[in-house]
Trainee: 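The structure follows.
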Amino acid sequence: EIMPLLTRYHIKMGLMYFILALFMGIALVAQPLLNLSPYVSTLRPVFFHFLVVGWVTQIIIGVAHWMFPKRSKEKPRGNVVMGWSAFIFLNVGLILRGFGEPLSVMYSQSIWAWALVLSAILQVIAGWLFVINIWGRVKER
């Protein structure tokens, strides 16, 4: 069976977040050694978020979308719009987190603090959309 397009997008985006997190990890470790900007430390929460949500969670979602039992012949992987909406909300939320976290520290009392709130809301909605969409596929043979 061919890997579904949504699965490929989740896995490729997950791999991209993994690479981004690795670069952030290098910058965080190198900061004291190379006397980098103190703002590099604002990447620490983004590093963990990209690693856990961007990479691990997104790969899990993509593989679950592909491998879980089919729902029906008409809609084998559930609601397509809900699946893509979860993907978009998750990744827009992650991108907002990536910019919002360091910029809200650098510019206190800024709009970037609200970007973090929106980021969290989008990621929670994405999680619920994924769970609702895949729930019916968790079944016995």
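We count residues from 1, following the sequence as given.
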Trainee: Kindly compute the distance separating CD1 (I125) from CD1 (I121), expressed to the nearest 0.5 Å.
Mentor: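 Here the interatomic distance stands at 7.0 Å.
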Trainee: Could you name each residue pair satisfying ring pair (Phe, Tyr, Trp, His ring centres under 6.0 Å) that touches residues 94-135, not counting sequence neighbours?
Mentor: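 Not a single pair qualifies under ring pair (Phe, Tyr, Trp, His ring centres under 6.0 Å).
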Trainee: Is the shortest side-chain heavy-atom distance between H10 and T7 below 4.5 Å?
Mentor: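 No; the side chains remain at least 4.5 Å from each other.
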Trainee: Applying a strict under-4.5 Å side-chain criterion to I, L, V, M, F, W and Y, I'd like to know whether V29 and L22 cluster together.
Mentor: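 No, no single cluster joins them.
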Trainee: Does L6 reach the side chain of R77, with side-chain heavy atoms less than 4.5 Å apart?
Mentor: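 No, side chains not in contact.
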Trainee: For the pair R137 (side chain) and K70 (backbone), establish whether a donor and an acceptor sit closer than 3.5 Å, ignoring hydrogens and angles.
Mentor: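 Checked: no pair found.
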Trainee: Under a 4.5 Å side-chain heavy-atom rule over Ile, Leu, Val, Met, Phe, Trp and Tyr, are I134 and V63 clustered together?
Mentor: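 Linked, I134 and V63 end up in one cluster.
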Trainee: Return the CD to OG1 distance between Q123 and T57, rounded to the nearest 0.5 Å.
Mentor: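 Taking CD in Q123 and OG1 in T57, the distance rounds to 9.5 Å.
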Trainee: Tell me whether V131 shares a hydrophobic cluster with V56, the cluster being built from Ile, Leu, Val, Met, Phe, Trp, Tyr side chains joined at under 4.5 Å.
Mentor: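 Yes: a chain of side-chain contacts under 4.5 Å links V131 to V56.
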Trainee: Under a 3.5 Å distance rule, please check whether R71 uses its side chain to pair with a backbone N or O of N133 as donor and acceptor.
Mentor: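 Yes, R71 side chain to N133 backbone: donor-acceptor pair under 3.5 Å.
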Trainee: Does any non-hydrogen side-chain atom of P102 lie less than 4.5 Å from one of L43?
Mentor: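 Yes, side chains in contact.
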Trainee: Holding to side-chain contact (heavy atoms from CB on, under 4.5 Å), I want the full list of residues that pass it with S85, two or more places apart in sequence or in another chain.
Mentor: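 Scan of S85 (side-chain contact (heavy atoms from CB on, under 4.5 Å), adjacent residues dropped) gives V81, L129.
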Trainee: Between CG of L15 and CG of L20, what distance do you get to the nearest 0.5 Å?
Mentor: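 One gets 11.0 Å once the value is rounded to the nearest 0.5 Å.
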Trainee: Could you list the donor-acceptor pairs under 3.5 angstrom formed between side-chain atoms of residues 87-98 and any protein atom two or more places apart in sequence or on another chain?
Mentor:
| residue | atom | partner | partner atom | Å |
| --- | --- | --- | --- | --- |
| N91 | OD1 | Y17 | OH | 3.2 |
| N91 | OD1 | Q58 | NE2 | 3.2 |
| N91 | ND2 | Q58 | OE1 | 2.8 |
| N91 | ND2 | F87 | O | 2.8 |
| R97 | NE | E101 | OE1 | 2.7 |
| R97 | NH2 | E101 | OE1 | 3.1 |

Trainee: When rounded to the nearest 0.5 angstrom, what is the spacing between OH in Y39 and OG1 in T42?
Mentor: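 Output value for this atom pair is 8.5 Å.
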Trainee: At what distance, to the nearest 0.5 angstrom, does CG of L118 lie from CD1 of I111?
Mentor: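 Between atom CG of L118 and atom CD1 of I111 there are 9.5 Å.
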Trainee: What's the shortest heavy-atom distance between I2 and W66, and which atoms?
Mentor: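 Nearest heavy atoms, I2 then W66: O-NE1, 4.2 Å.
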Trainee: Carefully, step by step, assess H49 and R44 under the rule side chain to side chain contact (heavy atoms under 4.5 Å, CB included).
Mentor: CA-CA 9 Å; H49 208 75; R44 187 170 309 283; over 6 Å; no
Trainee: Minimum heavy-atom separation for L51 and W55, please, with both atom names.
Mentor: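 Residues L51 and W55, closest heavy atoms: O-CB, 3.2 Å.
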Trainee: Is the CE atom of M16 crowded by more than 12 outside heavy atoms at less than 6.0 Å?
Mentor: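 Incorrect, the count does not exceed 12.
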Trainee: Is the closest side-chain heavy-atom distance between V40 and L28 below 4.5 Å?
Mentor: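 The answer is yes; the side chains approach within 4.5 Å.
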Trainee: Could you measure the distance from the NZ atom of K75 to the CE atom of M82? Nearest 0.5 Å is fine.
Mentor: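 Reported value, rounded in 0.5 Å steps: 8.5 Å.
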Trainee: Under a single-linkage definition using a 4.5 Å side-chain heavy-atom cutoff for Ile, Leu, Val, Met, Phe, Trp and Tyr, are M106 and V46 assigned to the same hydrophobic cluster?
Mentor: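 M106 and V46: one cluster.
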Trainee: Main chain of G100, side chain of S104: is a donor-acceptor contact present, judged purely on distance under 3.5 Å?
Mentor: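 Yes, S104 side chain to G100 backbone: donor-acceptor pair under 3.5 Å.
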Trainee: Under 4.5 Å between side-chain heavy atoms, counting indirect links through other Ile/Leu/Val/Met/Phe/Trp/Tyr residues: same cluster for L103 and L116 or not?
Mentor: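 No, separate clusters.
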Trainee: Report yes if the side chains of Y9 and W84 come closer than 4.5 Å at any heavy-atom pair, otherwise no.
Mentor: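 Sidechains of W84 and Y9: in contact.
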